[in-house]
Amino acid sequence: MIRSVESEPHVSAPVLAAYSYCEAVTGQQARNFAYGIRLLPTPKRRAMSALYAFSRRVDDIGDGALAIEVKAARLEETRALLTRVRGGSVDEDDTDPVAVALAHAAAAFPIPLDALDELIDGVLMDVHGEHYETWDDLKIYCRCVAGAIGRLSLGVFGTEPGARGAERAPEYADTLGLALQLTNILRDVREDAEGGRIYLPADDLAKFGCSAGFAGPLPPADSDFAGLVHFEVRRARALFAEGYRLLPMLDRRSGACVAAMAGIYRRLLDRIERDPEAVLRGRVSLPGREKAYVAVRGLSGLDARHASRRTVRRRV
(Lines give C-alpha, C1' and ligand atoms only; values in the text may rest on other atoms or scores of the structure.)
Protein backbone atom coordinates (compact mmCIF):
# COMPACT_ATOMS: atom_id res chain seq x y z
CA MET A 1 0.00 0.00 0.00
CA ILE A 2 1.27 3.46 -0.90
CA ARG A 3 0.34 6.05 1.68
CA SER A 4 0.25 9.80 1.23
CA VAL A 5 0.01 12.76 3.56
CA GLU A 6 -3.44 14.40 3.65
CA SER A 7 -2.48 17.31 5.88
CA GLU A 8 0.67 19.21 6.69
CA PRO A 9 2.08 21.27 9.54
CA HIS A 10 2.58 25.01 9.32
CA VAL A 11 4.25 26.01 6.06
CA SER A 12 6.75 28.85 6.26
CA ALA A 13 6.44 32.03 4.22
CA PRO A 14 9.43 31.23 1.94
CA VAL A 15 7.98 27.80 1.11
CA LEU A 16 4.51 29.26 0.47
CA ALA A 17 6.09 31.80 -1.87
CA ALA A 18 7.93 29.01 -3.70
CA TYR A 19 4.70 27.05 -4.09
CA SER A 20 2.90 30.17 -5.35
CA TYR A 21 5.56 30.56 -8.03
CA CYS A 22 5.13 26.93 -9.10
CA GLU A 23 1.35 27.26 -9.20
CA ALA A 24 1.67 30.35 -11.38
CA VAL A 25 3.93 28.45 -13.78
CA THR A 26 1.44 25.58 -13.87
CA GLY A 27 -1.53 27.84 -14.53
CA GLN A 28 0.25 29.66 -17.34
CA GLN A 29 1.92 26.71 -19.05
CA ALA A 30 -0.36 23.70 -18.56
CA ARG A 31 -4.05 24.50 -18.60
CA ASN A 32 -5.21 20.89 -18.82
CA PHE A 33 -2.94 19.85 -15.96
CA ALA A 34 -3.89 22.88 -13.88
CA TYR A 35 -7.57 22.11 -14.48
CA GLY A 36 -7.13 18.65 -13.02
CA ILE A 37 -5.03 19.46 -9.95
CA ARG A 38 -7.41 22.18 -8.75
CA LEU A 39 -9.61 19.27 -7.59
CA LEU A 40 -6.95 18.22 -5.05
CA PRO A 41 -6.58 19.23 -1.39
CA THR A 42 -4.15 22.14 -0.99
CA PRO A 43 -1.06 20.11 0.10
CA LYS A 44 -1.40 17.73 -2.84
CA ARG A 45 -2.14 20.55 -5.29
CA ARG A 46 0.98 22.40 -4.20
CA ALA A 47 3.14 19.28 -4.47
CA MET A 48 1.82 18.58 -7.97
CA SER A 49 2.57 22.15 -9.03
CA ALA A 50 6.15 21.73 -7.78
CA LEU A 51 6.53 18.55 -9.84
CA TYR A 52 5.11 20.30 -12.88
CA ALA A 53 7.36 23.36 -12.52
CA PHE A 54 10.48 21.19 -12.34
CA SER A 55 9.29 19.10 -15.30
CA ARG A 56 8.48 22.26 -17.27
CA ARG A 57 12.03 23.50 -16.71
CA VAL A 58 13.42 20.26 -18.10
CA ASP A 59 11.08 20.37 -21.12
CA ASP A 60 11.87 24.02 -21.84
CA ILE A 61 15.58 23.23 -22.01
CA GLY A 62 14.90 20.44 -24.49
CA ASP A 63 12.54 22.57 -26.61
CA GLY A 64 14.70 25.71 -26.63
CA ALA A 65 16.92 27.07 -29.38
CA LEU A 66 20.27 26.46 -27.68
CA ALA A 67 22.99 24.32 -29.23
CA ILE A 68 22.83 20.61 -28.50
CA GLU A 69 25.88 20.64 -26.25
CA VAL A 70 24.52 23.60 -24.26
CA LYS A 71 21.16 21.87 -23.80
CA ALA A 72 22.90 18.72 -22.62
CA ALA A 73 24.95 20.74 -20.12
CA ARG A 74 21.86 22.56 -18.82
CA LEU A 75 20.05 19.26 -18.36
CA GLU A 76 22.96 17.90 -16.35
CA GLU A 77 22.87 21.05 -14.21
CA THR A 78 19.20 20.36 -13.59
CA ARG A 79 20.07 16.78 -12.66
CA ALA A 80 22.61 18.16 -10.16
CA LEU A 81 19.85 20.32 -8.66
CA LEU A 82 17.70 17.21 -8.34
CA THR A 83 20.57 15.51 -6.51
CA ARG A 84 20.60 18.41 -4.05
CA VAL A 85 16.86 18.04 -3.50
CA ARG A 86 17.23 14.31 -3.01
CA GLY A 87 20.05 14.85 -0.53
CA GLY A 88 18.09 17.34 1.55
CA SER A 89 20.55 20.18 0.95
CA VAL A 90 18.07 22.78 -0.38
CA ASP A 91 17.29 25.40 2.29
CA GLU A 92 14.02 27.28 2.53
CA ASP A 93 15.79 30.54 1.64
CA ASP A 94 17.38 29.09 -1.50
CA THR A 95 17.07 31.47 -4.45
CA ASP A 96 15.47 28.81 -6.69
CA PRO A 97 11.73 28.61 -5.84
CA VAL A 98 11.24 25.39 -7.80
CA ALA A 99 13.96 23.67 -5.79
CA VAL A 100 12.46 24.95 -2.52
CA ALA A 101 8.95 23.76 -3.41
CA LEU A 102 10.13 20.40 -4.72
CA ALA A 103 12.26 19.79 -1.62
CA HIS A 104 9.30 20.55 0.64
CA ALA A 105 6.97 18.32 -1.41
CA ALA A 106 9.49 15.46 -1.35
CA ALA A 107 9.70 15.73 2.45
CA ALA A 108 5.90 15.68 2.78
CA PHE A 109 5.09 12.89 0.31
CA PRO A 110 6.80 9.65 -0.76
CA ILE A 111 7.68 11.00 -4.20
CA PRO A 112 10.01 8.71 -6.24
CA LEU A 113 12.42 11.46 -7.28
CA ASP A 114 14.41 9.00 -9.41
CA ALA A 115 11.54 9.29 -11.91
CA LEU A 116 12.64 12.89 -12.54
CA ASP A 117 16.01 11.49 -13.58
CA GLU A 118 14.11 9.40 -16.12
CA LEU A 119 12.39 12.54 -17.38
CA ILE A 120 15.78 14.16 -17.93
CA ASP A 121 16.93 11.02 -19.76
CA GLY A 122 13.87 11.24 -22.03
CA VAL A 123 14.47 14.90 -22.87
CA LEU A 124 18.10 14.05 -23.64
CA MET A 125 16.71 11.62 -26.25
CA ASP A 126 14.93 14.61 -27.81
CA VAL A 127 18.07 16.73 -27.68
CA HIS A 128 20.08 14.08 -29.50
CA GLY A 129 17.35 13.59 -32.13
CA GLU A 130 16.33 10.03 -31.40
CA HIS A 131 14.00 8.33 -33.88
CA TYR A 132 11.82 5.36 -33.04
CA GLU A 133 11.59 2.39 -35.36
CA THR A 134 8.95 0.43 -33.45
CA TRP A 135 6.30 0.95 -30.78
CA ASP A 136 8.56 -0.85 -28.30
CA ASP A 137 11.24 1.78 -29.02
CA LEU A 138 8.78 4.65 -28.59
CA LYS A 139 7.49 3.15 -25.32
CA ILE A 140 10.95 3.60 -23.77
CA TYR A 141 10.80 7.32 -24.53
CA CYS A 142 7.17 7.63 -23.39
CA ARG A 143 7.90 5.87 -20.10
CA CYS A 144 10.69 8.38 -19.44
CA VAL A 145 8.78 11.56 -20.23
CA ALA A 146 5.23 10.56 -19.24
CA GLY A 147 5.16 7.24 -17.41
CA ALA A 148 7.59 8.75 -14.93
CA ILE A 149 5.15 11.63 -14.35
CA GLY A 150 2.43 9.09 -13.61
CA ARG A 151 4.57 7.43 -10.96
CA LEU A 152 5.57 10.78 -9.46
CA SER A 153 1.91 11.78 -9.26
CA LEU A 154 1.06 8.52 -7.54
CA GLY A 155 3.62 9.40 -4.88
CA VAL A 156 1.52 12.47 -4.09
CA PHE A 157 -1.89 10.82 -4.47
CA GLY A 158 -1.17 7.61 -2.57
CA THR A 159 -3.59 4.69 -2.60
CA GLU A 160 -6.56 4.03 -0.36
CA PRO A 161 -5.91 1.73 2.63
CA GLY A 162 -6.91 -1.80 1.71
CA ALA A 163 -7.28 -1.05 -2.00
CA ARG A 164 -7.29 -4.34 -3.88
CA GLY A 165 -4.33 -4.79 -6.20
CA ALA A 166 -2.61 -1.61 -4.95
CA GLU A 167 0.80 -3.21 -5.54
CA ARG A 168 0.14 -2.69 -9.26
CA ALA A 169 -0.75 0.99 -8.87
CA PRO A 170 2.67 2.23 -10.14
CA GLU A 171 2.27 0.05 -13.24
CA TYR A 172 -1.19 1.49 -13.97
CA ALA A 173 0.03 5.05 -13.34
CA ASP A 174 2.88 4.44 -15.77
CA THR A 175 0.50 3.06 -18.41
CA LEU A 176 -1.85 6.02 -18.03
CA GLY A 177 1.14 8.28 -18.62
CA LEU A 178 1.85 6.42 -21.86
CA ALA A 179 -1.75 6.95 -22.97
CA LEU A 180 -1.50 10.69 -22.32
CA GLN A 181 1.83 10.95 -24.14
CA LEU A 182 0.63 9.07 -27.21
CA THR A 183 -2.37 11.41 -27.34
CA ASN A 184 0.04 14.37 -27.14
CA ILE A 185 2.10 12.92 -29.98
CA LEU A 186 -0.98 12.63 -32.20
CA ARG A 187 -2.20 16.13 -31.32
CA ASP A 188 1.21 17.74 -31.96
CA VAL A 189 2.27 15.76 -35.03
CA ARG A 190 2.44 18.84 -37.30
CA GLU A 191 4.12 21.10 -34.72
CA ASP A 192 6.71 18.41 -33.93
CA ALA A 193 7.40 17.82 -37.64
CA GLU A 194 8.06 21.54 -38.14
CA GLY A 195 10.60 21.29 -35.33
CA GLY A 196 12.31 18.35 -37.04
CA ARG A 197 10.85 15.69 -34.74
CA ILE A 198 8.79 12.65 -35.67
CA TYR A 199 7.75 10.49 -32.75
CA LEU A 200 5.39 7.99 -34.35
CA PRO A 201 7.17 4.67 -34.99
CA ALA A 202 8.83 4.42 -38.40
CA ASP A 203 7.26 1.03 -39.09
CA ASP A 204 3.77 2.48 -38.47
CA LEU A 205 4.50 5.40 -40.79
CA ALA A 206 5.69 3.01 -43.50
CA LYS A 207 2.65 0.76 -43.09
CA PHE A 208 0.31 3.66 -43.87
CA GLY A 209 2.44 5.39 -46.50
CA CYS A 210 3.39 8.33 -44.27
CA SER A 211 7.17 7.99 -44.19
CA ALA A 212 7.54 11.34 -45.98
CA GLY A 213 6.47 13.12 -42.81
CA PHE A 214 4.05 15.95 -42.09
CA ALA A 215 5.42 19.23 -43.36
CA GLY A 216 2.11 20.88 -44.23
CA PRO A 217 -1.65 20.97 -43.63
CA LEU A 218 -2.25 18.00 -45.94
CA PRO A 219 -1.22 14.35 -45.53
CA PRO A 220 1.58 12.91 -47.67
CA ALA A 221 0.41 12.13 -51.19
CA ASP A 222 -1.13 8.66 -51.64
CA SER A 223 -0.96 7.96 -47.91
CA ASP A 224 -3.60 6.52 -45.61
CA PHE A 225 -3.18 9.19 -42.96
CA ALA A 226 -6.61 8.53 -41.47
CA GLY A 227 -5.71 4.85 -41.17
CA LEU A 228 -2.51 5.77 -39.32
CA VAL A 229 -4.34 8.04 -36.90
CA HIS A 230 -7.09 5.49 -36.24
CA PHE A 231 -4.46 2.82 -35.62
CA GLU A 232 -2.68 4.99 -33.03
CA VAL A 233 -6.00 6.05 -31.47
CA ARG A 234 -6.87 2.39 -30.87
CA ARG A 235 -3.48 1.87 -29.25
CA ALA A 236 -4.01 4.88 -26.99
CA ARG A 237 -7.51 3.71 -26.03
CA ALA A 238 -6.13 0.34 -24.97
CA LEU A 239 -3.56 2.11 -22.79
CA PHE A 240 -6.27 4.28 -21.24
CA ALA A 241 -8.40 1.22 -20.50
CA GLU A 242 -5.50 -0.43 -18.68
CA GLY A 243 -4.39 2.74 -16.89
CA TYR A 244 -7.91 3.51 -15.67
CA ARG A 245 -7.64 0.49 -13.39
CA LEU A 246 -5.73 2.87 -11.11
CA LEU A 247 -8.83 4.97 -10.35
CA PRO A 248 -10.58 2.68 -7.83
CA MET A 249 -7.34 2.59 -5.81
CA LEU A 250 -7.31 6.36 -5.19
CA ASP A 251 -9.22 8.53 -2.73
CA ARG A 252 -12.14 10.49 -4.16
CA ARG A 253 -10.35 13.77 -4.88
CA SER A 254 -7.17 12.20 -6.22
CA GLY A 255 -9.28 9.94 -8.41
CA ALA A 256 -11.23 12.98 -9.61
CA CYS A 257 -7.97 14.74 -10.52
CA VAL A 258 -6.72 11.76 -12.53
CA ALA A 259 -10.13 11.22 -14.15
CA ALA A 260 -10.30 14.89 -15.15
CA MET A 261 -6.86 14.98 -16.76
CA ALA A 262 -7.27 11.62 -18.45
CA GLY A 263 -10.84 12.45 -19.47
CA ILE A 264 -9.74 15.61 -21.24
CA TYR A 265 -7.20 13.66 -23.26
CA ARG A 266 -9.67 10.89 -24.06
CA ARG A 267 -12.03 13.51 -25.46
CA LEU A 268 -9.16 14.94 -27.50
CA LEU A 269 -8.73 11.44 -28.91
CA ASP A 270 -12.42 11.41 -29.84
CA ARG A 271 -12.01 14.66 -31.77
CA ILE A 272 -8.86 13.46 -33.50
CA GLU A 273 -10.57 10.21 -34.46
CA ARG A 274 -13.54 12.06 -35.99
CA ASP A 275 -11.31 14.38 -38.05
CA PRO A 276 -7.78 12.96 -38.34
CA GLU A 277 -6.50 15.76 -40.61
CA ALA A 278 -7.37 18.36 -37.96
CA VAL A 279 -3.99 17.66 -36.32
CA LEU A 280 -2.28 18.83 -39.52
CA ARG A 281 -4.24 22.10 -39.57
CA GLY A 282 -3.62 23.18 -35.97
CA ARG A 283 -3.77 22.14 -32.34
CA VAL A 284 -6.90 20.25 -31.32
CA SER A 285 -8.29 21.43 -27.99
CA LEU A 286 -11.43 21.34 -25.84
CA PRO A 287 -13.55 24.34 -24.83
CA GLY A 288 -13.70 25.25 -21.16
CA ARG A 289 -17.28 24.06 -20.71
CA GLU A 290 -16.33 20.58 -21.87
CA LYS A 291 -13.39 20.49 -19.46
CA ALA A 292 -15.76 21.53 -16.67
CA TYR A 293 -18.06 18.63 -17.55
CA VAL A 294 -15.12 16.22 -17.40
CA ALA A 295 -14.16 17.58 -13.97
CA VAL A 296 -17.71 17.15 -12.63
CA ARG A 297 -17.78 13.62 -14.01
CA GLY A 298 -14.50 12.90 -12.21
CA LEU A 299 -15.78 14.28 -8.92
CA SER A 300 -18.90 12.13 -9.23
CA GLY A 301 -16.67 9.04 -9.22
CA LEU A 302 -18.37 7.75 -12.38
CA ASP A 303 -15.12 6.89 -14.17
CA ALA A 304 -13.74 5.17 -11.07
CA ARG A 305 -16.89 3.05 -10.72
CA HIS A 306 -16.75 2.07 -14.38
CA ALA A 307 -13.08 1.11 -14.02
CA SER A 308 -13.88 -0.91 -10.90
CA ARG A 309 -16.65 -2.82 -12.68
CA ARG A 310 -14.38 -3.59 -15.64
CA THR A 311 -11.72 -4.90 -13.23
CA VAL A 312 -14.24 -7.16 -11.49
CA ARG A 313 -15.50 -8.52 -14.83
CA ARG A 314 -11.92 -9.37 -15.85
CA ARG A 315 -11.40 -11.32 -12.62
CA VAL A 316 -14.66 -13.21 -13.14
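Bear in mind the structure is a predicted one, so any value in this text is a computation, not a measurement. Computation of the quantities below employed the complete heavy-atom set of this structure, encompassing side-chain atoms and omitting hydrogens, waters and symmetry-equivalent molecules.
- Taken to the nearest 0.5 Å, the OG1 atom of T26 stands 5.0 Å off from the CD1 atom of I37.
- Under a hydrophobic-cluster definition in which Ile, Leu, Val, Met, Phe, Trp and Tyr are linked whenever side-chain heavy atoms come within less than 4.5 Å, directly or via other members, V70 and L124 are assigned to different clusters.
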Using the rule given for salt bridge (charged side-chain N to carboxylate O under 4.0 Å, His left out), can you reason through K44 versus D251, listing the C-alpha separation, both sets of side-chain angles and the distance that settles it, and then say yes or no?
CA-CA 12 Å; K44 290 184 178 182; D251 67 77; 2.8 Å; yes
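- Taking 4.0 Å as the cut-off between side-chain N and carboxylate O, D117 and R86 count as a salt-bridged pair.
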Steps toward salt bridge (charged side-chain N to carboxylate O under 4.0 Å, His left out) verdict (D60, R57):
CA-CA 5 Å; D60 284 347; R57 178 178 295 182; over 6 Å; no
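- Donor-acceptor pairing under 3.5 Å is recorded for the side chains of E92 and S12.
- Both I140 and L239 belong to a common hydrophobic cluster when Ile, Leu, Val, Met, Phe, Trp and Tyr are linked at side-chain heavy-atom distances under 4.5 angstrom.
- A single hydrophobic cluster is not seen to contain both L218 and F208; linkage of ILVMFWY side chains at heavy-atom distances under 4.5 Å, directly or through other members, places them apart.
- Minimum interatomic distance between A99 and L81 (heavy atoms only, all atoms of both residues): CB-CD1, 3.7 Å.
- Side-chain atoms of L269 and L186, non-hydrogen and from C-beta on, do get closer than 4.5 Å to each other.
- For R74, the CZ atom counts as loosely surrounded, since its 6.0 Å shell holds 12 or fewer non-hydrogen atoms of other residues, nucleotides or ligands.
- At least one side-chain heavy atom of D136 sits under 4.5 Å from a side-chain heavy atom of K139.
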Step by step, work out the side chain to side chain contact (heavy atoms under 4.5 Å, CB included) result for I185 and L138.
CA-CA 11 Å; I185 287 171; L138 181 60; 4.2 Å; yes
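- Looking at V15 and V100, their side chains come closer than 4.5 Å, going by heavy atoms from C-beta outward.
- Note on R267 versus D270: no salt bridge recorded, every NZ/NE/NH1/NH2 to OD/OE distance being 4.0 Å or above.
- A 4.5 Å side-chain heavy-atom check between D126 and Y141 finds at least one atom pair inside the cut-off.
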R197 and D63: salt bridge (charged side-chain N to carboxylate O under 4.0 Å, His left out), yes or no, with the steps?
CA-CA 11 Å; R197 296 174 181 172; D63 292 337; 2.9 Å; yes
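- If you chain together hydrophobic residues whose side chains sit under 4.5 Å apart, L66 and L75 never meet in one group.
- To the nearest 0.5 Å, atom OH of residue Y132 and atom CE of residue M125 are 6.0 Å apart.
- Residues V85 and L113 meet the side-chain proximity criterion, which asks for heavy atoms closer than 4.5 Å.
- You'll find the side chain of Y199 stays beyond 4.5 Å of the side chain of L182, heavy atoms only.
- Residues L205 and L200 approach most closely at CD1-O, 3.8 Å, considering heavy atoms.
- Once rounded to the nearest 0.5 Å, the distance linking OG1 of T183 with CD of Q181 reads 9.0 Å.
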Go through it in stages, so that I can follow the logic: the residues are D203 and E133, the test is side chain to side chain contact (heavy atoms under 4.5 Å, CB included), and I'd like the CA-CA distance, side-chain angles, deciding distance and then a yes or no.
CA-CA 6 Å; D203 58 0; E133 292 297 321; 5.9 Å; no
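- When atom types are taken as modelled, the side chain of Y19 and the backbone of A105 share a donor-acceptor pair closer than 3.5 angstrom.
- With sequence neighbours excluded, no residue forms a ring pair (Phe, Tyr, Trp, His ring centres under 6.0 Å) with F54.
- Taking all atoms of both residues into account, the shortest heavy-atom contact from A101 to C22 is CB-SG, 3.6 Å.
- Here the SG-CG distance, from C142 to L180, works out to 10.5 Å after rounding to the nearest 0.5 Å.
- Separating the CG atom in D204 from the OG atom in S211 is a distance of 10.0 Å, to the nearest 0.5 Å.
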I'd like a table of donor-acceptor pairs (distance under 3.5 Å, sequence neighbours excluded) in which one partner is a side-chain atom from residues 220-231, with atom names and distances.
residue, atom, partner, partner atom, Å
S223, OG, P220, O, 2.7
D224, OD1, G227, N, 2.9
H230, ND1, A226, O, 3.2
H230, NE2, E273, O, 3.0

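- In summary, R79 and D121 engage in a salt bridge, as defined by a charged side-chain N under 4.0 Å from a carboxylate O.
- Between H104 and R46 there is no side-chain heavy-atom pair separated by less than 4.5 Å.
- Listed for the R45 side chain is no donor-acceptor partner under 3.5 Å among the backbone atoms of R38.
- Between L39 and A256 the shortest heavy-atom distance is CD1-O, 3.5 Å.
- Atoms CZ and CD, on R190 and E277 in that order, are 12.0 Å from each other to the nearest 0.5 Å.
- The main-chain N or O of D93 is never found under 3.5 Å from a side-chain atom of D91 such that the two would form a donor-acceptor pair.
- Side-chain contact annotation: D59 with Y52, donor-acceptor N/O pair under 3.5 Å absent.
- Residues R235 and W135 are in side-chain contact: their nearest non-hydrogen atoms beyond the backbone lie under 4.5 Å apart.
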What verdict does the side chain to side chain contact (heavy atoms under 4.5 Å, CB included) test give for Y265 and N184, after you've listed the backbone C-alpha separation in whole Å, the side-chain angles of each residue and the deciding distance to 0.1 Å?
CA-CA 8 Å; Y265 279 85; N184 267 335; 3.3 Å; yes
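- Of all the heavy atoms in L152 and P112, the pair that sits closest is CD2-O, 3.3 Å.
- Smallest separation of non-hydrogen atoms from L116 and S55: CD2-OG, 3.9 Å.
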Might you work through the side chain to side chain contact (heavy atoms under 4.5 Å, CB included) test for R281 and D275, ending with a clear yes or no?
CA-CA 11 Å; R281 298 191 296 268; D275 183 7; 2.5 Å; yes
